[in-house]
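Note that the coordinates shown come from a computational prediction; the quantities given were computed from them, not determined experimentally.
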Amino acid sequence: MSPEFSAADHQSMARALSLAELGLHTTTPNPRVGCVIVKDRQIVGEGWHRRAGEPHAEVRALQFAGDQARGATVYVTLEPCSHHGRTPPCAAALLSAGVGRVVAAMQDPNPLVSGQGLAFLRDAGVRVQCGLMEDEAREINIGFVARMTRARPWLRLKMAASLDGKTALKNGASQWLTGPAARHDGHRWRARACAILTGIGTVRDDDPQLNVRGVEALDGADGVSRQPLKVVVDSRLELAAGARIFADAAKGRVLVAAAVADGDRRAALERRGAEVLLLPGAAGRVDLSALLGELARRGINEVHGEAGFRLSGSLLAAGLVDELLLYLAPCLLGDVAQGMFDLPALESLAGKRQLLIRDLRCVGPDLRLLVRFS
């Protein structure tokens with residue numbers, strides 16, 4: 001424990017982090033933020049950010065605390081904003097409320113803030129500290145941090161496979177390798193994403209709906225479901241207008257990334273409500289790096305990939321995958337079954353990609369691994 005922060009500080013920030021997680025499914029494109037106000041060792045106010053355009057966590061906590069905020073300590077999971085966006089700056093609201101101390105888990109990576117909120121409060125005489133439980137705060141907003149610091153979303157690639165690393169039989173049959181618990185857990189990960197990415201091969205073979213089902217992901221008191229953007233990598237615009245991803249317009253928007261400009265096929269997809277984006281790359285394929293850059297420009301923080309072995313391999317080879325979400329079923333499919341990634345053969349073990357296991361647990365009868373590149 002850092003000598004700069006007490007056990008009570010850690011306890012209060014842990015509560016703020018748990019509040020931030022309440023916005024896991026709804027805050028996009030904004031970060032997930034929680035706030036706790038403590039006075040005389042008692043919580044007098046708390047709040048969390050629900051969705052863009054609604055009050056930020058600090059404002060909700062101040063409304064809860066009222067006059068008790070004066071002289072209190074504020075614990076917030078992200079530096080208070082200092083600029084006018086859809087809502088007024090939180091740093092000014094905290095100063096106006098007369099708080100005595102502000103403890104932030106991490107500095108805001110947004111260049112519009114980036115230390116300015118803390119500096120504003122510090123210059124006004126408020127005691128300011130930053131860095132308490134920073135790693136935990138960064139994990140909650142890993143996609144927002146990625147978008148702000150590198151202009152690219154966080155890409156989590158999800159795959160279901162047998163214990164021998166096979167995702168489908170040679171004839172393409174793959175449903176279902178994993179059990180209901182693992183499939184439901186996969187939808188929970190879909191729900192926290194801003195976009196779901198797949199390829200034309202997966203759409204053609206499996207005809208997925210590519211939406212969130214069985215998970216509460218509400219975007220406001222009106223009860224409207226927030227579905228992630230559906231993104232299909234389709235170089236030659238082969239997507240059928242009758243695909244199930246178009247079946248229900250309420251289940252989310254569709255973006256098709258293509259490499260060729262076929263006017264008739266494009267018009268047919270646009271009549272189904274899709275947006276077609278031309279991003280030609282090498283060898284007649286979609287420029288995947290440009291696609292992720294465009295998604296970042298649209299405010300997409302986290303991308304959940306569910307693709308076949310070719311697109312998955314291309315994303316890995318391009319260095320665009322940040323994290324693998326693997327569900328391994330207790331079964332074997334054999335050597336001729338389809339693997340997880342289409343990657344070139346290695347000449348030596350020195351070329352292997354090293355992974356770091358972040359989490360390992362059983363989900364029903366299946367094994368779930370969350371791994372990152374070290």
Exercise for review: May I ask you to check if Arg353 and Phe373 form a cation-pi contact, with NZ or CZ under 6.0 angstrom from the six-membered ring centre and within 45° of the axis?
Suggested key: yes

Revision key, fill the gap. Closest non-hydrogen atoms of Ala91 and Gly117, given as atom of the first, atom of the second and distance, are CB-O, 4.0 Å

Review point. Do the non-hydrogen side-chain atoms of Leu369 and Leu355 ever get within less than 4.5 Å of each other?
Key: no

Practice item. List the steps, then state whether side chain to side chain contact (heavy atoms under 4.5 Å, CB included) holds for Leu237 with Arg266. Key: CA-CA 7 Å; Leu237 289 177; Arg266 178 172 186 165; 4.1 Å; yes

Check your understanding: Does any N or O in the side chain of Thr167 come within less than 3.5 Å of the main-chain N or O of Met340, such that one atom is a donor and the other an acceptor?
Key -> no

Point to revise | Pair Asp135 + Arg138, salt bridge at N-O below 4.0 Å | key: no

Review point. Transitively linked via ILVMFWY side-chain contacts under 4.5 Å: Ile200 with Leu278?
Key: no

Exercise for review: Applying side chain to side chain donor-acceptor pair (under 3.5 Å) between His49 and each of Asn30, Thr27, Thr26, report the one that passes.
Suggested key: Asn30

Check your understanding: Under a 4.5 Å cut-off applied to non-hydrogen side-chain atoms, are Leu19 and Cys35 in contact?
Key -> no

Point to revise | Intermediate values then yes/no, side chain to side chain contact (heavy atoms under 4.5 Å, CB included), Ser162 and Leu332 | key: CA-CA 6 Å; Ser162 60; Leu332 302 173; 5.7 Å; no

Check your understanding: Taking C-beta and beyond as the side chain, do Gln68 and Gln42 meet within less than 4.5 Å on heavy atoms?
Key -> no

**Study point:** Glu139, CD atom: more than 12 neighbouring heavy atoms under 6.0 Å
**Key:** yes

Point to revise | Greater than 12 external heavy atoms within 6.0 Å of Arg285's CZ | key: no

**Study point:** Minimum heavy-atom distance between Ala52 and Pro29, given as atom pair plus value
**Key:** CB-CD, 4.1 Å

Review point. Backbone N or O of Gly71 within a donor-acceptor pair of the Lys39 side chain at under 3.5 Å?
Key: no

**Study point:** Smallest separation among heavy atoms of Thr178 and Ala329, with atom names
**Key:** CG2-CB, 4.2 Å

Check your understanding: How long is the gap from CG on Leu239 to CZ on Arg272, to the nearest 0.5 Å?
Key -> 10.0 Å

Exercise for review: Measure from the side-chain N and O atoms of Glu79 to the backbone N and O of Leu118, and report whether any donor-acceptor pair falls under 3.5 Å.
Suggested key: yes

Point to revise | 4.5 Å side-chain heavy-atom contact, Arg101 and Asp9 | key: yes

Exercise for review: Verify, without hydrogens or angle tests, whether Thr149 (side chain) and Val145 (backbone) share a donor-acceptor contact under 3.5 angstrom.
Suggested key: yes

Point to revise | Straight-line distance of Arg51 CZ to Thr28 OG1, nearest 0.5 Å | key: 12.5 Å

**Study point:** Nearest atoms (heavy-atom pairs only) where Ala259 meets Gly284
**Key:** CB-O, 3.4 Å

Review point. So, does Thr202 use its side chain to make a donor-acceptor pair with the main chain of Ala307 at under 3.5 Å?
Key: no

**Study point:** Minimum-distance pair of heavy atoms, taken over all atoms of Gln227 and Val212
**Key:** OE1-N, 2.8 Å

Point to revise | From CG (Leu279) to CD (Glu294), nearest 0.5 Å | key: 7.0 Å

Exercise for review: Answer yes or no: is there a donor N or O on one side and an acceptor on the other, between the side chain of Arg15 and the main chain of Val36, under 3.5 Å?
Suggested key: no

Review point. For atom CZ of Arg310, is the number of surrounding heavy atoms from other residues, nucleotides or ligands below 6.0 Å larger than 12?
Key: no

Review point. Does Val233 belong to the same Ile/Leu/Val/Met/Phe/Trp/Tyr cluster as Val303, with side-chain heavy atoms less than 4.5 Å apart forming each link?
Key: yes

Point to revise | Side chains of Thr198 and Leu210 in contact at under 4.5 Å (non-hydrogen atoms) | key: yes

Check your understanding: Are the side chain of Arg152 and the backbone N or O of Ala296 linked by a donor-acceptor pair below 3.5 Å?
Key -> no

Point to revise | Residue pair Phe341, Val321: steps toward the side chain to side chain contact (heavy atoms under 4.5 Å, CB included) verdict | key: CA-CA 12 Å; Phe341 309 109; Val321 179; over 6 Å; no

Review point. Measuring from His184:NE2 to Arg190:CZ, what's the distance to the nearest 0.5 Å?
Key: 12.5 Å

Practice item. May I ask you to check whether over 12 heavy atoms, not counting those of Asp67, lie within 6.0 Å of atom CG? Key: no

Check your understanding: Side-chain contact, heavy-atom cut-off 4.5 Å: Trp189 with Lys158?
Key -> no

**Study point:** Verdict with reasoning, Lys230 to Ile196, per side chain to side chain contact (heavy atoms under 4.5 Å, CB included)
**Key:** CA-CA 5 Å; Lys230 304 174 185 181; Ile196 302 175; 5.6 Å; no

**Study point:** Trp154 reachable from Leu295 in the ILVMFWY side-chain graph, under 4.5 Å edges
**Key:** no

Exercise for review: Check each of Arg150, Arg372, Arg358, Arg147 against Asp322 using the salt bridge (Lys or Arg N to Asp or Glu O under 4.0 Å) test, and report the only one that passes.
Suggested key: Arg150

Exercise for review: Could you go through the salt bridge (Lys or Arg N to Asp or Glu O under 4.0 Å) check for Asp185 and Arg361 one step at a time?
Suggested key: CA-CA 12 Å; Asp185 189 69; Arg361 68 182 67 186; over 6 Å; no

Practice item. Drop me the distance from Glu58's CD to Leu78's CG, to the nearest 0.5 angstrom. Key: 8.0 Å

Check your understanding: Do Phe246 and Val254 have side chains that get closer than 4.5 Å, going by heavy atoms?
Key -> yes

Point to revise | Flag, side chain of Arg244 to backbone of Asp207, donor-acceptor distance under 3.5 Å | key: yes

Exercise for review: Report yes or no: do Met159 and Leu343 belong to one cluster of Ile/Leu/Val/Met/Phe/Trp/Tyr joined by side chain heavy-atom distances under 4.5 Å?
Suggested key: yes

Review point. Only one of Leu163, Asp366, Asp164, Leu177 forms a side-chain contact (heavy atoms from CB on, under 4.5 Å) with Cys331, so which one is it?
Key: Leu177

Review point. Should the pair Arg236-Asp262 be classified as a salt bridge under the 4.0 Å nitrogen-to-oxygen rule?
Key: no

Exercise for review: Say whether Val44 and Met13 are linked into one hydrophobic cluster, either directly or through other cluster members, by side-chain heavy-atom distances under 4.5 angstrom.
Suggested key: no

Check your understanding: Does Ser114 use its side chain to pair, donor to acceptor, with the backbone of Asn110 at less than 3.5 Å?
Key -> no

Check your understanding: If you measure from the Lys or Arg side-chain nitrogens to the Asp or Glu carboxylate oxygens, is any gap between Arg265 and Asp234 under 4.0 Å?
Key -> no

Exercise for review: Keeping the roles fixed (side chain from Arg32, backbone from Leu24), state whether a donor-acceptor pair exists under 3.5 Å.
Suggested key: yes

Check your understanding: Between Arg253 and Glu275, does at least one N-O distance fall below 4.0 Å, as a salt bridge requires?
Key -> no

**Study point:** From Leu346 atom CG to Lys352 atom NZ, the distance as rounded to the nearest 0.5 Å
**Key:** 9.5 Å

Check your understanding: Does some side-chain heavy atom of Met106 sit less than 4.5 Å from a side-chain heavy atom of Asn141?
Key -> no

Check your understanding: At their closest point, which heavy atom of Val286 faces which heavy atom of Ala258, and how far apart are they?
Key -> CG2-C, 3.6 Å

Review point. Around Asp335, counting heavy atoms of other residues, nucleotides and ligands shown, do more than 12 lie under 6.0 Å from its CG?
Key: no

